Amino acid sequence: MTFEREVLNAEGGSWNLPPNIYSSGKVQGLYSPNQFVVRISPELQDHLTAVTTGVYQVSDLGSDVISAFSTYLHETIHWWQHVGSSLGLILSMCYPAQAHVTHKDLKYLLGKIGPKKSLRSFHLRHSGSLSTDIEQSFNRTLNYWHDIEFGYRLLLSPESSRKWDADTYFECIGHHYHIIWGTCLSVISGTVDPSLKVLPDGRKWDKEFADLRNQKVEGYYYGSPVLLPPLGAMEIFEGQARFSQLQFLHFSSSASLNWEDFRSLGMLHGIYVSAFKVFLELIEEPWPSSIDDPLVALFLLVCELAINPTEGFPFDIRYFESFIYDVDPGFRFYLFTQTIKKKDPSLKTAITNYSKEEYIAASEVLCRAGAYYPPLLAAEEVGTWPQKSSEVAKLMEEDASFRFTSTNLPVRVFLSRYISFQRDKLRHPELFTWPGVWFVDREDQKLPLKDALQVFNRNVPLFVDAPDGEIRPSLIPGRAEADIHETFTQFYMWNANYNMIRQWIVEDGPFKLDFGWLTKRYTKDEMHSWATDIFSKSFGVKPSEFTLVN
């Protein structure tokens, strides 16, 4: 079995800061976290669509189809990270949260100072000469926006903080994480759980974090030393996706493809292997001889545990002083490796069958060391939400039909997908931890491939690009096509508004209204008109009417 280097060494841009939203001839797959779309190159899409839907033996498929699916699997894993993990859901909520939490003050400032852009530059220029009420409104808007932005970037790429930790709006790690979890929780609860029947009450956290700040607990006060983990979510996300892709190719080739083949194909470099190298260094082990080695399985489990914190969401915070370390994926990753190294080195050889039983046993050992709830306990809890809350039950009815209430529609869509994902994860955590193993038909496979693919199809990316680059919704089994397309239309109207609000707050220069990345059906002028109409309906003013500060 042979593969093309350009096809396999494909991904390169997922979760970038800022995200690279354009595909190119050299980028075969891409996940864009602010557009919420999976992109696959036209060439690979041709290979995938040439195969009739069904369940196949690997021997019945050519190397082009297998390599194309490996790229699609890689990007689908990014979607799962984004909508199926607790960290990913919080990160996904940051974009809408920045718009929702500032909306009231944006309208107030618009009435007081008129349409000015950007608000950050205006405030930096006029701070000290503004009335108290306007100054307070500016402070709320800019502080909330930057608190979320800095926390988002710290979680994804902690090393990048060295470039901006002296920024006017940077406070401290603990503060930014508190604001992210508190604000995103407020947006979620305000949308689907206003009576807080299932979600924690983040308002009760304020006093606890204020006490940590007043007591000068490291990480929780202004000017506190910035302690960074050895890696961030970006490295973990890419390592998890790439090594799952490698396992899929390995097992698809009847174990004939291994490290040297992947290295020659350019698949073992940079961010794709950085998390695995850190993992091996921290547990003091050499590079394993095979992709089927238990160390690789353990690495993928550590990745899955690292991106699924439970403090603050879906459970309440128990230990405020350790909140940074309990939710930051890099610190969690480090703690799990130290548990393996110092407390239970037998875990290094524990996973050989990629089974649910092995998942449960190993994850409980690792989580117990950090006093963490195991992720399946969280999945079980989330699965009970529809029984505990009529609002959440209604949300899942909307998901079943894919006809969503228009209010805060993106929040509703993503939370419903998260709940659905957790239900499947509770039944089959092994599928999502080692997908490269379970989506290949193997002789010793306990779960039939047909059943595994049914789980896969329930959790496909919602939004993908067509060969011409246009974004289209996936046709999810059991949902009417018309309802899917209506939800898609409404979702991207919200998304465009989030984008323009972001520009208004922090980006200098005129508004960029080129939403050609969304569709090729309309001219540039028509898309400008579409975006203008969305913004003016929300704020009563057109983007073209803004005065530029710089």
Side-chain angles (χ1 to χ4, degrees), residues 11 14 70 73-82 84-88 231 233-252 255 258-259 262 267-268 271-283 285 287-308 329-330 332-337 339-340 344 347-367 374-376 379 421 424-425 428-440 442 445 447 452 455-456 459:
E11 307 70 33
S14 301
S70 81
L73 175 63
H74 181 118
E75 301 306 333
T76 297
I77 290 168
H78 284 317
W79 169 255
W80 293 346
Q81 292 161 345
H82 170 85
S85 74
S86 57
L87 174 70
L231 76 174
M234 283 181 65
E235 290 89 349
I236 296 171
F237 286 151
E238 291 295 354
Q240 185 181 35
R242 174 50 58 90
F243 278 75
S244 295
Q245 181 186 13
L246 296 180
Q247 284 196 330
F248 174 79
L249 292 169
H250 172 80
F251 287 106
S252 295
N258 222 311
W259 297 122
F262 297 136
M267 301 184 74
L268 296 173
I271 195 171
Y272 303 112
V273 296
S274 58
F276 190 59
K277 287 181 176 178
V278 170
F279 171 78
L280 294 176
E281 179 182 350
L282 291 174
I283 66 171
E285 287 290 334
W287 194 280
S289 60
S290 170
I291 191 74
D292 190 24
D293 192 284
L295 281 178
V296 178
L298 183 59
F299 165 71
L300 289 171
L301 175 63
V302 168
C303 289
E304 127 74 23
L305 297 179
I307 64 173
N308 277 288
R332 290 171 61 83
F333 188 97
Y334 177 82
L335 182 142
F336 293 134
T337 61
T339 299
I340 295 165
D344 203 332
L347 288 171
K348 296 177 182 181
T349 57
I351 302 170
T352 57
N353 297 317
Y354 306 96
S355 66
K356 180 177 181 179
E357 292 75 19
E358 289 173 333
Y359 173 94
I360 292 172
S363 64
E364 288 185 350
V365 169
L366 291 170
C367 289
L376 288 193
F421 186 96
D424 278 332
K425 180 179 176 179
H428 298 293
E430 71 279 14
L431 294 189
F432 300 105
T433 306
W434 304 294
V437 177
W438 287 102
F439 296 126
V440 177
R442 297 175 292 118
Q445 190 153 320
L447 181 69
V455 177
F456 182 87
N459 295 280

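All values derive from a computational prediction rather than experimental measurement. Values below: every heavy atom of this structure, side chains too, minus hydrogens, waters and symmetry copies.
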A.B. asks: Would E430 and S355 satisfy side chain to side chain donor-acceptor pair (under 3.5 Å), going step by step from the backbone distance to the final call?
C.D. replies: CA-CA 6 Å; E430 71 279 14; S355 66; over 6 Å; no
A.B. asks: Do you know which two heavy atoms are closest between F243 and V296, and how far apart they sit?
C.D. replies: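 Heavy atoms of F243 and V296 come nearest at CD2-CG1, 4.1 Å.
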A.B. asks: How far does SG of C367 sit from CG of L305, to the nearest 0.5 angstrom?
C.D. replies: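 That separation rounds to 5.0 Å.
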A.B. asks: Which of these passes side-chain contact (heavy atoms from CB on, under 4.5 Å) with S244: T76, L300, L249?
C.D. replies: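 Of the listed options, the one satisfying the test is L300.
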A.B. asks: Counting N and O atoms only, with roles assigned by atom type, does the side chain of N258 sit under 3.5 Å from a partner on the main chain of H250, one being a donor and the other an acceptor?
C.D. replies: no
A.B. asks: If you compare all heavy atoms of I236 against all heavy atoms of G330, which two are closest, and at what distance to 0.1 Å?
C.D. replies: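 Result for this residue pair: CD1-N, 4.4 Å.
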A.B. asks: Quick one: CD1 on I340 to CG on L366, what's the gap to the nearest 0.5 Å?
C.D. replies: 5.0 Å
A.B. asks: Could you tell me how the ring of W434 sits relative to the ring of Y354: parallel (under 30°), tilted (30 to 60°) or perpendicular (over 60°)?
C.D. replies: perpendicular
A.B. asks: Among residues at least two apart in sequence or on other chains, which ones pass ring-ring contact (aromatic ring centres under 6.0 Å, His included) with W79?
C.D. replies: H82, F414
A.B. asks: Can you tell me how the ring of F439 sits relative to the ring of W80, calling it parallel under 30°, perpendicular over 60° and tilted otherwise?
C.D. replies: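 It falls in the tilted class, 30° to 60°.
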A.B. asks: Taking the side chain as every heavy atom from C-beta outward, state whether I291 and Q247 have any atom pair closer than 4.5 Å.
C.D. replies: yes
A.B. asks: Go through the structure and list residues passing salt bridge (charged side-chain N to carboxylate O under 4.0 Å, His left out) with E304, not counting sequence neighbours.
C.D. replies: K425
A.B. asks: To the nearest 0.5 Å, what is the distance between CG (N308) and OG (S85)?
C.D. replies: 5.0 Å
A.B. asks: Going from CG on D344 to OG1 on T339, what distance comes out if it is rounded to the nearest 0.5 angstrom?
C.D. replies: 9.0 Å
A.B. asks: Would you compute the distance between atom NZ of K348 and atom CD1 of I283 and round it to the nearest 0.5 angstrom?
C.D. replies: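 Rounded to the nearest 0.5 Å, the NZ-CD1 separation comes out at 5.0 Å.
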A.B. asks: Look at atom CZ of F456 and say whether more than 12 heavy atoms of other residues, nucleotides or ligands are closer to it than 6.0 Å.
C.D. replies: yes
A.B. asks: For M267, does its backbone N or O pair with a side-chain atom of R242 as donor and acceptor, under 3.5 Å?
C.D. replies: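 Yes; at least one donor-acceptor contact below 3.5 Å.
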A.B. asks: Testing the basics here: between F248 and S70, what is the closest heavy-atom pair and its distance to 0.1 Å?
C.D. replies: CD2-CB, 3.8 Å
A.B. asks: Side chain of E358, backbone of N353: donor and acceptor closer than 3.5 Å?
C.D. replies: yes
A.B. asks: L431 and side-chain contact (heavy atoms from CB on, under 4.5 Å): which single residue from N459, L447, V437, D424 fits?
C.D. replies: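 Of the listed residues N459, L447, V437, D424, the side-chain contact (heavy atoms from CB on, under 4.5 Å) partner of L431 is L447.
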A.B. asks: Kindly give the heavy-atom pair with the smallest separation between A306 and F336, and that separation in Å.
C.D. replies: N-CE1, 3.8 Å
A.B. asks: Students often mix this up, so state it plainly: with edges at 30° and 60°, are the rings of H78 and H74 parallel, tilted or perpendicular?
C.D. replies: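 The arrangement is perpendicular - the two ring planes meet at more than 60°.
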A.B. asks: Do the two ring centres, one from F432 and one from W438, sit under 6.0 Å apart?
C.D. replies: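 No, too far apart.
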A.B. asks: Any idea which heavy atoms bring L295 and F279 closest together, and the distance?
C.D. replies: O-CE2, 3.6 Å
A.B. asks: So does F237 get a backbone contact from the side chain of Q81, meaning a donor-acceptor N/O pair under 3.5 Å?
C.D. replies: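 Pair found, side chain donor or acceptor close to backbone of F237.
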A.B. asks: Working to the nearest 0.5 angstrom, can you tell me the gap between R332 CZ and C303 SG?
C.D. replies: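 If I round to the nearest 0.5 Å, the distance is 12.0 Å.
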A.B. asks: Between Y359 and P375, what is the shortest heavy-atom contact and its length?
C.D. replies: OH-CG, 3.2 Å
